Protein chains: 2
Amino acid sequence: MSYNKTANITAETINPRVKMFNYEPCGEIARHAERLQEELNKNPGSRPFQEIIYCNLGNPQALGQRPITFFREVLSLCDNPALLHRDEAHLLFSQCAMKRARKIIEAMPGRDSGPYTPSQGIKSLRESVADGIAGRDGYPSRPQDIFLTDGASSAINLTMQILIRSEEDAFLCPLPEYPLYSGSILLHGGTMVPYNLSEDGDWGLEIFEVKRCLEEARISGLTVRAMVVINPGNPTGQVLSVTNQEEIVEFCRKEGLVILADEVYQDNVYVEDKKFNSFKKVARSLGYNEDDISIVSYHSVSMGYYGECGRRGGYMEICGFGEDVMGEICKVASLTLCPNIGGQILTSLVMDTPKIGDDCFEKFLAEKESIHSSLVKRAKTLEKAFSSLEGVTCNRIEGAIYLFPKIHLPAAAIKAAKTEGVSPDIFYACRLLNDAGIAVVPGSGFHQVSGRNRAAGTYHIRCTILPGEDKIKTMISRLRAFHESFMNEFRDRN
Amino acid sequence: MSYNKTANITAETINPRVKMFNYEPCGEIARHAERLQEELNKNPGSRPFQEIIYCNLGNPQALGQRPITFFREVLSLCDNPALLHRDEAHLLFSQCAMKRARKIIEAMPGRDSGPYTPSQGIKSLRESVADGIAGRDGYPSRPQDIFLTDGASSAINLTMQILIRSEEDAFLCPLPEYPLYSGSILLHGGTMVPYNLSEDGDWGLEIFEVKRCLEEARISGLTVRAMVVINPGNPTGQVLSVTNQEEIVEFCRKEGLVILADEVYQDNVYVEDKKFNSFKKVARSLGYNEDDISIVSYHSVSMGYYGECGRRGGYMEICGFGEDVMGEICKVASLTLCPNIGGQILTSLVMDTPKIGDDCFEKFLAEKESIHSSLVKRAKTLEKAFSSLEGVTCNRIEGAIYLFPKIHLPAAAIKAAKTEGVSPDIFYACRLLNDAGIAVVPGSGFHQVSGRNRAAGTYHIRCTILPGEDKIKTMISRLRAFHESFMNEFRDRN
């Protein structure tokens with residue numbers, strides 16, 4: 001070791017909180033799937049399949065979902081506003097995209113899409129978002145309550161950075177959970193208090209369970225600051241009923257908890273008997289305003305029929321925090337100067353789409369409905385396929401883009417997993433990948449298996465509905481064959 | 001107060017570290033300038049000037065700098081890859097932009113610019129960046145050492161999040177400083193150890209001064225992990241000599257400090273006798289490799305002749321951290337999923353520009369040189385103007401986009417400031433804004449005035465060279481008149 005190595009930067013000498021959290025999208029299965037695909041590219045005959053079918057990541061456009069033409073045309077024009085003054089541009093862009101791009105550019109600092117914007121986002125774009133929210137909910141929304149962000153994850157991280165003072169500050173989070181929450185809470189020095197969703201109740205949320213967790217947390221000395229709700233649910237795919245949401249609002253109001261409402265799947269609802277309602281709308285309809293209850297709503301351009309994940313656009317609407325706090329949030333946001341302009345523009349488009357009468361309306365609607373109806377079809381098909389497998393139960397997928405089936409693994413499989421030193425759900429998911437070329441995320445990545453958890457001993461996988469319809473067909477036939485052979489290998493024989 | 005307000009979110013109940021730091025771009029002068037401009041728009045005759053001249057923010061395109069056509073064409077095409085298959089596109093885009101966009105899109109996951117990318121950034125784009133660095137330095141660079149980021153600030157925040165374990169972890173930072181560093185270090189729970197740049201030595205860095213600060217810090221129990229160097233300097237505009245850089249490398253190697261090299265102004269050098277050298281190049285030329293010294297270099301698309309601030313693109317090249325740390329950085333980066341794709345693309349373009357023979361090369365070069373030569377002209381003009389003012393000394397501006405003149409304020413002005421309860425530099429900057437409509441940042445925003453500081457009692461303003469040449473002319477004549485009248489009002493009479 002040379003002298004300078006006294007300050008060597010290794011995993012032993014960095015922020016210990018960084019090492020504490022796990023984040024499954026970066027996980028072993030994803031890396032193994034990549035290696036496997038590379039191996040297949042080199043030796044095409046080495047496995048009984050030619051390509052991995054990726055059902056692990058919620059990344060629609062990587063799996064064939066096409067972008068909405070209107071969105072991309074506006075982005076393209078805003079990147080290169082010189083096009084707006086060229087006659088030939090009419091050959092390549094719709095009137096309606098040119099009109100919108102012109103409107104956006106004219107309201108920008110410097111009349112171009114290059115400068116830093118205010119840290120909270122460009123005012124005119126925040127106005128579009130606020131109008132979109134008001135139109136969706138039927139209740140007013142104010143641009144000064146909107147922060148445009150680089151996707152919802154940045155907004156969630158920023159919230160944790162603002163709210164967490166010490167390890168005693170705690171957050172109620174659903175289990176199975178989206179691991180961004182546990183990761184972000186840990187990294188920022190707080191404590192996650194998990195509450196269980198009810199698998200037997202279609203992954204609904206039982207308020208007595210949340211209350212039990214809150215009380216336990218308070219007894220152990222924690223200050224519970226907020227309750228995280230993901231609706232529609234990730235990884236569980238449920239859409240909360242209005243009654244259920246009303247209970248949550250009443251509960252949080254009474255207990256003095258902020259509602260952190262992850263509403264990024266608001267345009268992914270697949271059932272006739274349920275629709276998306278924002279928590280703000282539910283609170284307002286109960287007569288509560290921002291003095292009664294604080295709500296932060298997160299949305300992004302990554303999901304829904306838009307699926308523009310890599311664009312990193314999103315917003316949070318903050319209702320009920322003090323004026324002074326809004327200034328402090330702006331200050332922390334300014335440490336990264338401003339959200340990226342492309343993401344800001346796209347967020348405004350998602351919240352303010354073409355209207356009847358616009359020349360691109362028909363095309364926009366057709367593209368949107370085609371994506372949506374295909375997602376509905378894939379959701380139903382996969383739900384049926386999983387439910388038909390031996391020992392698998394699968395709740396109805398009402399929204400979001402995931403199924404989270406429970407796999408009743410035979411004792412011999414659990415034993416084999418133990419021998420290999422891995423959790424049984426990981427064992428199943430690895431076999432599924434190696435033998436059938438299907439990548440899914442093991443349920444334990446969502447902390448479904450936990451000592452505190454009444455669901456301990458149950459095993460799940462998370463499977464997206466995102467591969468194209470043809471690939472879903474292939475995937476199902478591979479899954480059936482694999483599962484049958486897996487069960488034949490390990491089936492309980494008593 | 002209703003019951004829920006027990007958990008009210010106010011500035012009193014948020015993360016106290018958030019309240020601890022100041023960040024001048026969000027500061028009072030900037031807000032006051034905005035209010036003043038609004039007032040002028042309403043009552044055009046209310047002041048002796050019609051518009052504010054903004055010399056406070058480093059936001060080139062907000063002040064008229066035009067974007068490089070090639071960059072914007074490629075971005076525009078990547079946003080809407082359908083254009084690449086349209087004959088009419090040749091009417092609107094150069095061959096060379098179409099070729100580059102095609103190459104970028106073909107190497108992307110899903111062959112479109114929509115999906116999440118790896119958290120570290122798209123591999124092919126990281127390869128372009130690494131090639132660009134290798135070409136610039138004459139020493140190899142590896143794509144696995146590059147993290148594409150949402151601008152340099154995100155990268156700096158990420159570094160602090162990784163390196164800081166407790167308040168005892170400290171960072172040597174230059175004074176006057178760019179307040180992102182103090183803000184980020186405070187927010188992430190570490191300690192800043194300031195070292196003074198030498199105003200009398202053209203804002204150069206004296207290694208004995210840094211050593212003094214290091215020793216003091218160590219005696220007080222701090223673990224100094226890294227030394228921040230901003231070259232070319234913000235707010236001081238110096239370009240370090242190679243000899244000075246060699247001293248820094250030897251010092252950090254010997255003392256086991258990581259060099260955090262903020263090199264975002266590498267394309268802003270205005271003098272013939274100096275050029276930009278990266279710290280990595282200097283270290284390699286001394287024969288040191290990544291086992292001898294760890295260096296993180298930050299760059300972005302925001303400055304230089306590109307000036308694409310709002311695009312939020314950048315990279316950090318990390319040399320000398322352990323493999324395991326790179327994985328942990330990737331994990332933290334994955335909490336915000338990935339850097340925005342537009343920023344990633346633009347970063348690759350900035351590091352891999354059109355070459356001789358490309359159909360757009362002449363135009364690219366002309367645009368680049370026109371911006372650069374105008375910046376040189378404005379730098380010289382402003383330097384001369386400030387130096388000619390009574391009681392003002394102004395170091396040579398060698399690089400970056402700022403002048404940081406010292407204003408020798410008369411005792412009566414200092415007294416008047418005291419009466420108003422503000423720092424004398426703020427007093428001067430406010431008067432300059434109110435009386436002459438010129439917005440600058442008071443030096444105390446860069447912590448130049450500090451008890452520990454041997455420069456205590458000196459007063460500065462930071463003034464950018466970014467307004468267009470015509471506006472600079474207006475600005476100088478307003479500045480001269482203001483300064484004369486200010487001095488007449490307060491001049492020492494003894």
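Reckoned from all heavy atoms, side chains included, excluding hydrogens, waters and symmetry mates. Note that the structure is a prediction, hence the values are computed from the model and not measured. By convention in this document, chain letters (A, B, ...) are assigned in the order of the sequence lines, proteins followed by strands, and residues within each chain are numbered from 1.
- Heavy atoms of A:P60 lying under 4.5 Å from chain B are absent altogether.
- For the pair B:R253 and B:E250, the salt-bridge criterion is met [side-chain N within less than 4.0 Å of a carboxylate O].
- For B:K331 (side chain) and A:F21 (main-chain N/O), a donor-acceptor pair under 3.5 Å exists by modelled atom type.
- Neither the backbone nor the side chain of B:P118 comes within contact range of chain A; no heavy atom of the residue lies under 4.5 Å from a heavy atom of that chain.
- Looking at B:L187, the atoms closer than 4.5 Å to chain A (heavy atoms on both sides) all sit in the side chain, from C-beta outward.
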Tell me, with the steps shown, if A:R31 and A:E34 meet salt bridge (charged side-chain N to carboxylate O under 4.0 Å, His left out).
CA-CA 5 Å; A:R31 284 188 293 272; A:E34 261 177 59; over 6 Å; no
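- Within the model, atoms OH of B:Y181 and CG of B:L186 stand 15.0 Å from one another, a figure rounded to the nearest 0.5 Å.
- For A:E323, no part sits under 4.5 Å from any heavy atom of chain B, backbone or side chain.
- Looking at A:T117, neither its backbone nor its side chain comes within 4.5 Å of chain B, counting heavy atoms on both sides.
- Only the side chain of B:S302 comes within contact range of chain A, judged by heavy atoms closer than 4.5 Å.
- Most heavy-atom pairs under 4.5 Å with chain A, from the set B:T10, B:L63, B:L92: that is B:L92.
- Proximity to chain B (any heavy atom under 4.5 Å) is restricted, for A:R66, to the side chain, taken from C-beta onward.
- For B:F93, the part lying near chain A is the side chain, with the backbone staying farther off; criterion is any non-hydrogen pair under 4.5 Å.
- We find the OG1-CG distance between A:T159 and A:L163 to be 6.5 Å, quoted to the nearest 0.5 Å.
- When all heavy atoms are compared, the tightest approach of A:L91 to B:R86 is O-NH2, 2.8 Å.
- A:I164 touches chain B through its backbone: at least one of N, CA, C or O sits under 4.5 Å from a heavy atom, while the side chain does not.
- In terms of non-hydrogen atom pairs under 4.5 Å with chain A, the most contact-rich of B:P67, B:G322, B:A11 is B:A11.
- Sorted by first and then second residue, the salt bridge (Lys or Arg N to Asp or Glu O under 4.0 Å) pairs with a member in residues 10-23 of chain B form an empty list; sequence neighbours excluded.
- With a 4.5 Å cut-off on non-hydrogen atoms, B:Q65 does not touch chain A at all.
- Chosen from B:L335, B:T336, B:I341, the residue pairing most often with chain A at heavy-atom distances under 4.5 Å is B:L335.
- With rounding to the nearest 0.5 angstrom, the CZ atom of A:F321 is 8.0 Å from the CE atom of A:M326.
- For B:D112, the part lying under 4.5 angstrom from a heavy atom of chain A is the side chain only.
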Using salt bridge (charged side-chain N to carboxylate O under 4.0 Å, His left out), reason through B:R311 and B:D150 one step at a time and then give a plain yes or no.
CA-CA 8 Å; B:R311 299 283 156 174; B:D150 291 313; over 6 Å; no
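- Ranked by non-hydrogen atom pairs under 4.5 Å with chain A, the options B:I329, B:I162, B:L180 are led by B:I162.
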